[in-house]
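Let me begin by presenting the structure, written as structure tokens, before commenting on it.
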Amino acid sequence: MVQSKFLGIACGVAMLAGAVSAATLPTAKDVQAKMGMGFNIGNSMEVPNSPTLWGNPFPTQALLDSVKAAGFNTVRIPCAWDSHTSGGKVTETWLDSVKTVVDYAMRAGLYTILNIHHEGEGGWFQSNIGTNVNSNIDNKMKTYWTQIANKFKNYNERLLFAGANEPGPNVNTWTSQHVSTLMHYYQTFIDAVRATGGNNETRTLIIQGLNTDIDKSVKSAPVSTFPKDKVEGRLMFEVHYYDPYQYTLMTSPQDWGAPGGEMIQPQYYYGDYTKASEPKRNAGYNAWAGSVDSKLGSIVHPQEQFAKMKTNYVDKGYPVIVGEFGANVRSPELSGSDLNLHKQGRVQWHKDVVSAAKQYGLTPILWDMGNESNSGYDNMAYIRRQSSPVGKVLETDVINAMRGVYGLGNYVNNGVTHVENFITGGTETPSSSSAPASSSSVAVSSSSEITQSSSSATIALPTVLAGAQVNLHRAGNTLYASGDIMLFDMNGNLVRSTNNVSAGQAQMQLHGLRQGNYIAKCKNSVLQVKIR
């Protein structure tokens with residue numbers, strides 16, 4: 001069956017943007033005060049070339065509604081750009097695809113962080129931070145961020161831009177020249193965004209620490225080295241947290257030169273849920289000392305780490321986000337009572353991280369990979385994406401532990417109320433209806449309001465668009481427009497087109513297309529088409 005969801009009509013958006021002057025957006029401190037805890041849509045939009053290549057379906061409104069309903073108030077959208085370019089610029093169709101997901105998040109009422117993510121794209125940025133500025137990298141930063149910023153220039157303060165992800169090669173020795181190079185690239189990012197005008201003049205922007213490592217950030221990138229911004233109080237700082245590594249991410253024994261050639265083992269048990277008979281498997285075990293460091297296996301370690309961020313950044317006027325944190329489930333090795341003990345400790349680890357972050361004024365953002373399999377690693381999947389029902393909470397105990405830190409009580413899916421006015425920069429007005437987070441909801445753009453039946457869609461334009469011509473629409477299994485129609489997949493590939501305008505109207509049949517999301521374009525009009 002062919003269905004469609006109207007996400008926005010570009011000609012209408014242009015008229016709306018022209019009718020609204022830029023607002024002075026709240027400061028980064030004021031924005032962060034409302035961000036709560038956050039969730040990453042990992043292994044999706046940042047996948048090179050195609051967001052579905054790593055097993056996750058294209059994000060949906062139902063997924064973002066579910067994120068909001070689970071108690072998260074922020075979503076981070078890691079995003080690839082370099083693999084979606086033509087002639088040195090990001091393709092407009094990829095920008096449209098990203099806008100689709102951003103709109104889902106904004107409509108769900110989420111604070112939305114959009115970044116440039118670089119893993120898998122040849123490390124064009126984050127693995128190439130040298131002692132001198134590379135003009136090719138610098139030009140890409142300026143070009144890409146100019147395009148991204150222009151695409152979203154009139155979105156309100158709930159949209160934040162993050163310049164990078166985890167910049168810097170995995171080396172232990174950084175020099176002042178490396179730091180200077182990184183800060184130059186951040187200056188390019190900030191200047192490019194500000195130059196686009198609109199709400200970007202005062203939008204909150206985020207820069208990252210070296211490798212997003214807390215200790216490197218404190219020692220090598222103090223506030224005194226930061227780039228300059230033309231406006232006060234609109235910068236945030238980002239670090240990530242996966243400590244202790246042996247507990248959260250290590251999947252096989254490693255030779256780190258411990259005494260007697262002892263191999264460093266992955267650790268399975270944490271906090272109040274350790275295993276006395278296997279001390280080397282307890283979080284914080286130190287092969288050099290031959291004992292467990294109790295700090296690493298408790299809330300004390302994240303407290304000490306996050307206290308550094310408060311002293312060095314928060315207290316100096318730069319709010320801090322923990323852009324990623326999470327821990328693998330050790331189901332490939334453990335079973336029965338051992339697996340249960342591990343899972344109990346893992347719930348405590350998540351609670352400790354979130355508690356420490358909140359205590360020191362940081363915003364914790366959970367890393368979710370979408371992989372629901374218990375047979376392999378990279379299995380940080382907290383909300384269902386790969387199977388039905390999309391949006392079902394998979395790790396209820398973990399989510400409830402995190403919710404408890406924010407006084408939210410245990411998770412109950414009560415749905416969400418959509419927020420439609422997120423582009424004007426003015427006061428947000430919730431829509432009159434709530435959509436259950438576990439079900440698909442009609443996607444409504446900021447410039448048009450759509451009601452959908454099984455066979456057709458009708459468009460009711462708000463006052464600002466009265467009289468605007470809508471030249472692209474769908475009825476049944478056919479697209480109609482007043483000019484040539486082009487249909488793209490969500491990776492920006494042209495899959496179908498028409499050039500037979502007759503009597504002022506073109507038609508495109510949608511039969512024979514694979515299931516998924518598509519974007520149809522005619523002149524300046526844009527329409528999302530969903531095929532099931």
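The minimum heavy-atom distance between Phe125 and Pro167, with the atom names listed, is CE2-CB, 3.9 Å. Shortest non-hydrogen contact noted between Leu25 and Asn199 is CD1-O, 3.4 Å.
Listed by chain and residue number, Phe306, Leu362, Pro364 satisfy the side-chain contact (heavy atoms from CB on, under 4.5 Å) test with Ala357 (two or more places apart in sequence, or in another chain). Partners of Ala327 according to the side-chain contact (heavy atoms from CB on, under 4.5 Å) rule, which considers only residues two or more places apart in sequence or in another chain, are Tyr247, Thr248, Arg346, Trp349, His350. Scanning for side-chain contact (heavy atoms from CB on, under 4.5 Å) contacts around Glu262 gives Ala258, Lys280, Tyr285, Ala287, with sequence neighbours left out. Remark: Gln32 engages Thr363 in a side-chain hydrogen bond (donor to acceptor under 3.5 Å, both in side chains) (not counting sequence neighbours). Remark: Lys295 pairs with Glu304 by the salt bridge (charged side-chain N to carboxylate O under 4.0 Å, His left out) rule, at least two apart or across chains. With sequence neighbours left out, the side-chain contact (heavy atoms from CB on, under 4.5 Å) criterion links Ser335 to no other residue. Not counting sequence neighbours, the partners of Trp145 by the ring pair (Phe, Tyr, Trp, His ring centres under 6.0 Å) test are Phe161, Phe189. Judged as a side-chain hydrogen bond (donor to acceptor under 3.5 Å, both in side chains), and not counting sequence neighbours, Tyr318 has no contacts. Checked against ring pair (Phe, Tyr, Trp, His ring centres under 6.0 Å), Phe325 has no partners two or more places apart in sequence or in another chain. Applying the side-chain hydrogen bond (donor to acceptor under 3.5 Å, both in side chains) rule to Asp243 yields the partners His301; only residues at least two apart in sequence or on another chain are considered. Under the ring pair (Phe, Tyr, Trp, His ring centres under 6.0 Å) criterion, Tyr273 pairs with no residue at all, not counting sequence neighbours. Residues that satisfy the side-chain hydrogen bond (donor to acceptor under 3.5 Å, both in side chains) test with Ser97, not counting sequence neighbours, are absent from this structure.
Between Ile321 atom CD1 and Met309 atom CE the span is 10.5 Å, to the nearest 0.5 Å. With rounding to the nearest 0.5 angstrom, the CZ atom of Phe39 is 10.5 Å from the CG atom of Leu110. Distance check: Leu64 CG to His418 NE2 gives 9.0 Å after rounding to the nearest 0.5 Å. Note: Leu159 CG to Phe152 CZ = 6.5 Å, rounded to the nearest 0.5 Å. Expressed to the nearest 0.5 Å, how far CD of Gln147 lies from OG1 of Thr91 amounts to 8.5 Å. Summarising the geometry, atom OG1 belonging to Thr396 is positioned 10.5 Å from atom CZ belonging to Arg403; distances are rounded to the nearest 0.5 Å.
Checking each of Glu166, Gln126, Lys216, His240 against Asn211 for a side chain to side chain donor-acceptor pair (under 3.5 Å) leaves exactly one that passes, namely Lys216.
Side-chain atoms of Pro266 and Arg330, non-hydrogen and from C-beta on, do get closer than 4.5 Å to each other. At a threshold of 4.5 Å between non-hydrogen side-chain atoms, the residues Asn286 and Val292 do not count as touching. A 4.5 Å side-chain heavy-atom check between Lys343 and Asp397 finds every atom pair outside the cut-off. Residues Pro48 and Trp81 form no side-chain contact, since every pair of their non-hydrogen atoms from C-beta on lies 4.5 Å or further apart. Inter-residue side-chain proximity for Val495 and Phe488 is flagged as unmet; no heavy-atom pair is nearer than 4.5 Å. Taking 4.5 Å as the limit, every side-chain heavy atom of Thr112 sits out of range of all side-chain heavy atoms of Tyr155. With contacts defined as side-chain heavy-atom distances shorter than 4.5 Å, the pair Ile207/Phe226 qualifies. Annotation: side chain of Leu249 is in contact with side chain of Met380 (closest heavy-atom distance under 4.5 Å).
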Steps toward side chain to side chain donor-acceptor pair (under 3.5 Å) verdict (Gln208, Tyr186): CA-CA 9 Å; Gln208 293 66 36; Tyr186 285 149; 3.3 Å; yes
Residues Arg385, Thr60; criterion side chain to side chain donor-acceptor pair (under 3.5 Å); working and verdict: CA-CA 9 Å; Arg385 287 193 263 164; Thr60 62; over 6 Å; no
Verdict with reasoning, Tyr242 to Glu324, per side chain to side chain donor-acceptor pair (under 3.5 Å): CA-CA 8 Å; Tyr242 291 105; Glu324 295 179 15; 2.8 Å; yes
Intermediate values then yes/no, side-chain contact (heavy atoms from CB on, under 4.5 Å), Ile148 and Leu114: CA-CA 9 Å; Ile148 298 165; Leu114 182 63; 3.9 Å; yes
Side chain to side chain donor-acceptor pair (under 3.5 Å) evaluation trace for Tyr241 with Asp213: CA-CA 8 Å; Tyr241 186 85; Asp213 179 272; over 6 Å; no
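For the residue pair Lys68/Asn73, the side-chain donor-acceptor check at 3.5 Å is satisfied.
Tyr406 carries Lys358 over the face of its six-membered ring, with the cationic atom under 6.0 Å from the centre and within 45° of the normal.
At least one donor-acceptor pair under 3.5 Å links the side chain of Asn156 to the backbone N or O of Arg158. No side-chain donor-acceptor contact under 3.5 Å links Ser388 to the backbone of Val390.
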